[in-house]
Amino acid sequence: MVNKAYQFRLYPTKEQEQLLAKTFGCVRFVYNKMLEERIQIYEKFKDDKEALKKQTFPTPAKYKKEFPWLKEVDSLALANAQLNLQKAFQNVFSGRAGFPKFKNRKAKQSYTTNVVNGNIQLSDGYIKLPKLKWVKFKQHREIPAHHIIKACTITKTKTGKYYVSILTEYEHQPVSKEIQTVVGLDFSMNTLYVDSEGKRANYPRFYRQALEKLAKEQRILSRRKKGSNRWHKQRLKVAKLHEKIANQRKDFLHKESHQLAKLYDCVVIEDLNMKGMSQVLNFGKSVHDNGWGMFTTFLQYKLEEQGKKLIKIDKWFPSSKTCSCCGQVKESLSLSERTFRCECGFESDRDVNAAINIKHEGMKRFAIA
Ligand SMILES: [Zn+2]
C-alpha cells in the first residue's frame with residue numbers, strides 16, 4: 001500500500017468557520033490537558049519504573065464528562081490529538097525529539113480526522129466532513145478512483161486561508177523498469193541542484209524576486225513597534241509573502257522532480273542530512289528553505305510510481321574532490337575553486353564534476369552497467 005496526500009483550498013461558511021475555530025481550540029485544550037496529566041504521572045512515578053508502566057494515561061473521553069462542550073466538535077479530531085501526543089512521547093524516548101511543549105494560541109491551527117463509515121465524502125465541489133457537513137472546496141485535481149481516503153487534515157494558515165489535506169492509500173505494484181538512463185544530482189545551495197549532464201535547476205526569477213521582497217518587508221517589520229497597529233499590518237503582509245513563496249517553491253519542486261522522473265530511469269543523489277548539515281556549516285535557515293528534503297520526497301514517489309529508482313549514496317563520499325575522468329582524489333579543494341582541474345588534464349565545472357561522480361558511485365554500488 002502506498003500513501004498519497006492531496007491538498008485543496010477550503011471555503012467554509014461563517015458558521016463552519018466558527019465550528020472550525022472551536023475544533024482547533026478543543027484539540028489544543030485536550031492536548032494540553034493530557035500533556036499536563038502525563039507530566040504529573042511521570043513526576044509522581046519517575047523513581048518507580050514498574051509502577052509507571054502500570055499507569056493508564058488520560059484519554060479525551062475522560063474530559064468530555066468534565067467539559068461537556070468538547071462533545072460539540074469532531075471526536076476523531078480529539079482522538080488524533082491523543083495519538084499525536086503519544087507519538088511525541090515515543091519520539092522523546094527514542095531520542096528523536098525533545099519533550100513535547102504545550103500548545104499556545106499561536107500554535108498551528110490544525111486538526112486531523114479519519115474516515116469512518118462514510119463520514120467523509122467528496123461530491124461536486126463539496127467535501128463532507130464530520131460535524132461540519134458539506135464544505136465548499138476547490139478540487140483542482142481528481143483523486144483517482146482506486147485511491148481510498150483514510151484521513152483529512154484541516155489547517156488554517158496565518159493569513160486566514162483554509163486547506164484540507166486528504167490522505168489516501170492505494171495498492172501499487174509498479175513493474176520495475178529496466179534502467180537505461182541515469183543522472184546524478186549535486187545539491188546546490190543557490191540553484192537546488194546541478195546534474196551530471198551540466199544542467200542547473202534554477203529557481204524562477206519571480207521566486208527570487210519574492211524572496212528579496214520578503215527580506216525587505218521583514219526589515220520593515222523589525223523596525224515597527226511590536227504590538228502596534230502598523231506592526232500587526234506588516235506582520236500579516238510578511239505572513240502572506242511567506243505563504244506565497246512556500247507555494248511557489250512547492251510548484252517549482254513539483255515541476256523539477258516531474259521532469260527528472262520523466263527523463264530518467266534512475267536518479268542518484270547524496271543522502272544529505274539537512275538538519276545536521278545546516279548545523280555543521282552554520283547555514284542556518286536557508287538550507288531548510290531551499291527545499292531539498294521536499295524535492296527528494298517528490299522525486300522518490302514520482303520515480304517509484306513508474307517503477308523507476310532513486311538511489312541515495314551516503315554523504316561522506318568525496319564527490320567534489322574526485323576526478324570524474326581518472327578517479328584521482330584531491331587532497332584539498334577550496335570552496336572558491338569553481339573549476340575542477342586534474343593532473344590528468346580533465347577540466348570541468350566543479351558542481352558538474354561532483355554530479356558525474358555521484359552518478360558513477362550510484363551505478364557502481366547498485367551494479368548498473
Ligand atoms: Zn583526473
Quick check with a 6.0 Å cut-off and a 45 degree axis cone: is [X] positioned over the face of [Y]'s six-membered ring?
{"X": "K62", "Y": "F67", "value": "no"}
{"X": "K103", "Y": "Y31", "value": "yes"}
{"X": "K255", "Y": "F252", "value": "no"}

With a 4.5 Å cut-off on side-chain heavy atoms, are F346 and F340 touching?
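Result yes, sub-4.5 Å side-chain heavy-atom pair found.
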
Kindly indicate whether the side chain of L236, heavy atoms from C-beta on, has any atom under 4.5 Å from the side chain of H232.
no

Relative to each other, are the rings of [X] and [Y] parallel, tilted or perpendicular (30° and 60° limits)?
{"X": "Y193", "Y": "F295", "answer": "parallel"}
{"X": "Y170", "Y": "H147", "answer": "parallel"}
{"X": "Y207", "Y": "Y203", "answer": "parallel"}

Do any N or O atoms from the side chain of [X] and from the backbone of [Y] form a donor-acceptor pair under 3.5 angstrom?
{"X": "E36", "Y": "K33", "value": "no"}
{"X": "N353", "Y": "D349", "value": "no"}
{"X": "N32", "Y": "F102", "value": "no"}
{"X": "Q82", "Y": "L78", "value": "no"}
{"X": "S320", "Y": "A354", "value": "no"}

[X]-[Y] aromatic ring centre distance below 6.0 Å:
{"X": "F57", "Y": "Y42", "answer": "yes"}
{"X": "Y162", "Y": "F8", "answer": "no"}
{"X": "Y63", "Y": "W69", "answer": "no"}
{"X": "F99", "Y": "F89", "answer": "yes"}

CA sep, side-chain torsions, deciding dist, call: E15, K133, salt bridge (Lys or Arg N to Asp or Glu O under 4.0 Å):
CA-CA 11 Å; E15 288 79 35; K133 309 262 166 55; over 6 Å; no

Result of checking N114, T113, N119 against D74 for side-chain hydrogen bond (donor to acceptor under 3.5 Å, both in side chains):
T113

Just by distance, with hydrogens left out, do [X] and [Y] show a side-chain donor and acceptor under 3.5 Å apart?
{"X": "E304", "Y": "Q300", "answer": "yes"}
{"X": "S324", "Y": "N357", "answer": "no"}
{"X": "T153", "Y": "S165", "answer": "no"}
{"X": "E243", "Y": "T159", "answer": "yes"}
{"X": "H242", "Y": "K158", "answer": "no"}
{"X": "E270", "Y": "S319", "answer": "yes"}

Atom of [X], atom of [Y] and distance for their closest heavy-atom approach:
{"X": "W134", "Y": "Q121", "result": "CZ3-O, 3.7 Å"}
{"X": "R9", "Y": "K161", "result": "NH2-CG, 3.4 Å"}
{"X": "T155", "Y": "S110", "result": "OG1-OG, 3.7 Å"}
{"X": "A210", "Y": "Q248", "result": "CB-OE1, 3.8 Å"}
{"X": "Q328", "Y": "E343", "result": "OE1-OE1, 3.4 Å"}
{"X": "T112", "Y": "A151", "result": "CG2-CB, 4.2 Å"}

Looking at [X], I want to see if its [atom1] is surrounded by more than 12 non-hydrogen atoms of other residues, nucleotides or ligands under 6.0 Å.
{"X": "K44", "atom1": "NZ", "answer": "no"}
{"X": "K330", "atom1": "NZ", "answer": "yes"}
{"X": "K308", "atom1": "NZ", "answer": "yes"}

Salt bridge (Lys or Arg N to Asp or Glu O under 4.0 Å) between D351 and R200, worked out
CA-CA 9 Å; D351 301 328; R200 271 164 210 280; 3.5 Å; yes

Does the side-chain hydrogen bond (donor to acceptor under 3.5 Å, both in side chains) test come out yes or no for N202 and T191, once each step is laid out?
CA-CA 5 Å; N202 250 324; T191 68; 5.0 Å; no

Salt bridge (Lys or Arg N to Asp or Glu O under 4.0 Å) assessment of E256 paired with K199:
CA-CA 12 Å; E256 282 297 323; K199 184 196 164 239; 3.3 Å; yes

In a check of side-chain contact (heavy atoms from CB on, under 4.5 Å) between L185 and each of L299, I358, V194, V268, which one passes?
L299

Check the pair R208, E212 against salt bridge (Lys or Arg N to Asp or Glu O under 4.0 Å), reporting the backbone distance first and the verdict last.
CA-CA 6 Å; R208 284 177 278 131; E212 280 167 27; over 6 Å; no

